[in-house]
Colleague: 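Structure in structure tokens, see below.
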Amino acid sequence: MASFTCQANGDNAPGRGSGSDMSRRHRYESESDVGLTVKSLAQLCSRDEEERAASLEELSQGVLACLGPDRRGSAQLSRQTLLHLLRLSRSCPLQEVRERATELLRTAQEQGVEVPRALASGPSAFIPAKEILKEVPDQDILIESFLSLGHVDHTTMVMAMHPAYLSCFLRTQHALLEMDGPLPRHWIHYIVVMAAARHHCLYLVQQHSAGFLDAGGEESWLSGLKHASTKLQSLQTLNKLLAHRPWLITQQHIQELVSPGAEPRWSLAELIHTVILMAHAHSLCSFGWGCGLNPEPNHIGGYTFQPPSPNHLPRSPHSPQSPRSPAHEDGRQELGDGAMEVEVLMQRMVELQQQEEECTQEEMVTRFERERSESIPTTVVREAPPDLVLRLVEDPQFRYEDFAPKGEQSPPTMRAQDYSWEDHGFSLVNRLLPDMGQLLDEKFQVVSNLTYHRMAMHEDVDTHTLRKALWNYIHCLYGIRYDDYDYGSVNVLLERSLKVFVKTMACHPEQTTARVYHAFWRRFRHSEKVHANLIVMEARLQAALLYTLRAITHYMR
């Protein structure tokens, strides 16, 4: 097999590059390992079944050739080839590929090769793998993802519980990362790395560090922001504000980047692409932490070459040990099965839908302020993030602080009627980055209207009021108020444990734990909790974009 590489006695085989190059590849687990070339992977992802079968057979023969009797003990499969096989064996939606990869790893192990094993049983530390498989309606969308991208990552596997959303998410992400635009490809991945590092999201940092290197990026940039392009370094203030306090972004921040005197100067097209990339990455961090995504099988933390120990069960960094049904913050133990919680919520939804009371505008503002200023604890002590992440963060102490519109130094509340996505943001994005406004709008619409007309054990349920309460609560946390919405509904529909989860995920995603995830909606399906995660992610994305787009609009006037 011409594209297959054996590695003798642990040394680099001819053509495998320098030692520093290899260490770089091992550290970031790039998907372009020499052992499985782009051509080989492309054939394995062919839509032609015969071509795919031929590629699979070629792969098998290549592995077996490295394991032949004349090579036993003197050669081993390359590390990256083994990790590719592991990933295929764990997440490929094509059964024949998955089974063959598993078989090849077993054969290699029988021949004395140290093979990697996955440290997690599925894509999520919070959701059992069998639950994800059970709640994915069909495999078609996963197969399409594999044939298009060459892999199915954990984000995609969890989002596949909601295929209508996943389809538009993948289209938007493809346009952001792959389509020709104002930014070079390696910069696109580096901007995502910078953004993900703000939320200590090792998952995205590793994924896009690999993409950065594969696109020709300089390895030194990943050892610290100071090594990156000066132009990219100039984004650091915007990145931290967008991640943690977007309401502080002003026309001045935009002017410093795009005005004729700015050095280096960003074009408005470059800047809008960058802003959307950053906001997309920040919100994706919320989803990753909120769903407890495990590292990919070929990522650092996702595999080991050590044999399993009967006395040690590996634990995901996303899932601290915690009881499944914790006590309430005030010390009351909730009902064991959570059934009463569902019935109360159902009753409240019906009452709100039938309610005819009209509030004065003053009362509406008061209810918004009461909701915004409610004390919701979110602080959790976590281990320090790995150096791989910390070295890409400037001013790590800068975090989310509650939006506080009262007081001389505090920003005013943003009224949605004064600057909205529908009336202002959409057209600005579409003008500066053609078609992106349409893609984002489709994603916002799909997640807002997504419903299966069920709730926990109940069918034929109108969940509109609950979905709207979630969306508006997140915007409330970000200081955005809708004049025509009664924020009393938020307090009626979102019980405290749900608010703790939503606020943690939207504002401090790196503090999300299994305990916080399992504490709310205990009788709901996992797919319903993932649905809530999608609403939080998209509402957060839109809120961050609105503040930045408003600042750009003010600059352009």
Colleague: Got V63 and L85 here, is their nearest side-chain heavy-atom distance under 4.5 Å?
Modeller: yes
Colleague: Does S220 have any side chain to side chain donor-acceptor pair (under 3.5 Å) partners at least two apart in sequence or in another chain, and if so, which?
Modeller: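 By the side chain to side chain donor-acceptor pair (under 3.5 Å) rule, S220 matches no residue at all.
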Colleague: Under 30°, 30 to 60°, or over 60°: which ring-plane class applies to F305 and Y303, parallel, tilted or perpendicular?
Modeller: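 Rings of F305 and Y303: perpendicular, over 60°.
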Colleague: Donor-acceptor pair, R90 side chain versus R117 backbone, under 3.5 Å?
Modeller: no
Colleague: Could you tell me whether the side chain of H299 and the main chain of Q206 form a donor-acceptor pair under 3.5 Å?
Modeller: no
Colleague: Any chance you could measure I191, atom CD1, to L183, atom CG, to the nearest 0.5 Å?
Modeller: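 Separation between the atoms: 5.0 Å.
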Colleague: Any chance you could measure Y517, atom OH, to C291, atom SG, to the nearest 0.5 Å?
Modeller: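 Y517 atom OH to C291 atom SG measures 6.5 Å (nearest 0.5 Å).
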Colleague: Assess whether a salt bridge exists between K134 and E131, defined as any Lys/Arg side-chain N lying under 4.0 Å from an Asp/Glu carboxylate O.
Modeller: yes
Colleague: For the residue pair H189 and L213, establish whether any side-chain heavy-atom pair is separated by less than 4.5 Å.
Modeller: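 A side-chain contact under 4.5 Å is absent here.
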Colleague: Salt bridge (charged side-chain N to carboxylate O under 4.0 Å, His left out) between E510 and R399: does it pass, once the steps are laid out?
Modeller: CA-CA 11 Å; E510 62 278 3; R399 313 305 297 162; 2.3 Å; yes
Colleague: Can a side-chain donor-acceptor contact be found between H186 and D214 if the only test is distance below 3.5 angstrom?
Modeller: no
Colleague: Any side-chain heavy atom of L541 within less than 4.5 Å of one from L440?
Modeller: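 Side chain of L541 against side chain of L440, heavy atoms only: contact under 4.5 Å found.
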Colleague: Does T156 use its side chain to pair, donor to acceptor, with the backbone of V152 at less than 3.5 Å?
Modeller: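 Checked: no pair found.
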Colleague: Between E394 and K226, does any side-chain N to carboxylate O distance fall below 4.0 Å?
Modeller: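 So E394 does not pair with K226 through a salt bridge.
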Colleague: Please report the interatomic distance CG(L166) to CD(E144), rounded to the nearest 0.5 Å.
Modeller: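 Going from the CG atom of L166 to the CD atom of E144 covers 10.5 Å.
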Colleague: Under the rule for ring pair (Phe, Tyr, Trp, His ring centres under 6.0 Å), what residues qualify as partners of F212, not counting sequence neighbours?
Modeller: Y190, W221
Colleague: Are E296 and Y203 side-chain neighbours, meaning at least one heavy-atom pair lies under 4.5 Å?
Modeller: yes
Colleague: Do W289 and Q511 have side chains that get closer than 4.5 Å, going by heavy atoms?
Modeller: no
Colleague: Between S286 and R540, do the side chains contain an N or O donor and an N or O acceptor separated by less than 3.5 Å?
Modeller: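 S286 vs R540: donor-acceptor pair found between side chains.
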Colleague: State the NE2-CG distance between H208 and L277, to the nearest 0.5 angstrom.
Modeller: 9.0 Å
Colleague: Please enumerate all residues that pass ring pair (Phe, Tyr, Trp, His ring centres under 6.0 Å) together with H273, with sequence neighbours excluded.
Modeller: none
Colleague: Using a strict threshold of under 4.0 Å (side-chain N to carboxylate O), is an ion pair present between K443 and E538?
Modeller: yes
Colleague: Just grab all the salt bridge (Lys or Arg N to Asp or Glu O under 4.0 Å) pairs involving residues 171-184, residues at least two apart or on different chains.
Modeller: R171-E442, E178-R185
Colleague: Check for a donor-acceptor pair, side chain of N294 on one end and backbone N or O of G122 on the other, with a separation under 3.5 Å.
Modeller: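 A pair under 3.5 Å: yes.
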Colleague: Under 3.5 Å, side chain of S145 to main-chain N/O of I141, donor-acceptor pair present?
Modeller: no
Colleague: Return the CZ to OG1 distance between R454 and T463, rounded to the nearest 0.5 Å.
Modeller: 10.5 Å
Colleague: Sequence neighbours left out, what passes ring pair (Phe, Tyr, Trp, His ring centres under 6.0 Å) with H280? Give chain and number order.
Modeller: F169
Colleague: Please identify each residue that fulfils side-chain contact (heavy atoms from CB on, under 4.5 Å) with Q139, with sequence neighbours left out.
Modeller: P93, V136, L142, I143
Colleague: At what distance, to the nearest 0.5 angstrom, does CD of Q233 lie from NE2 of H227?
Modeller: 9.5 Å
Colleague: If only atom types and distance count, is the side chain of E528 paired as donor or acceptor with the main-chain N or O of A456 below 3.5 Å?
Modeller: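 Side chain of E528 to backbone of A456, a donor-acceptor pair under 3.5 Å: yes, one is there.
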Colleague: Would a 4.5 Å heavy-atom cut-off, applied to side chains only, mark F501 and K529 as touching?
Modeller: no
Colleague: State, yes or no, whether a side-chain contact exists between R467 and L450 at a heavy-atom distance under 4.5 Å.
Modeller: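 Contact flag for R467/L450 side chains = no.
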Colleague: Give me the ring orientation class for H199 and H244: parallel if the planes are under 30° apart, tilted from 30 to 60°, perpendicular past 60°.
Modeller: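 Taking H244 first and then H199, their aromatic rings stand perpendicular (interplane angle over 60°).
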Colleague: With a 6.0 Å cut-off (strictly less than), is the heavy-atom count around CD of E459, excluding the residue itself, greater than 12?
Modeller: yes
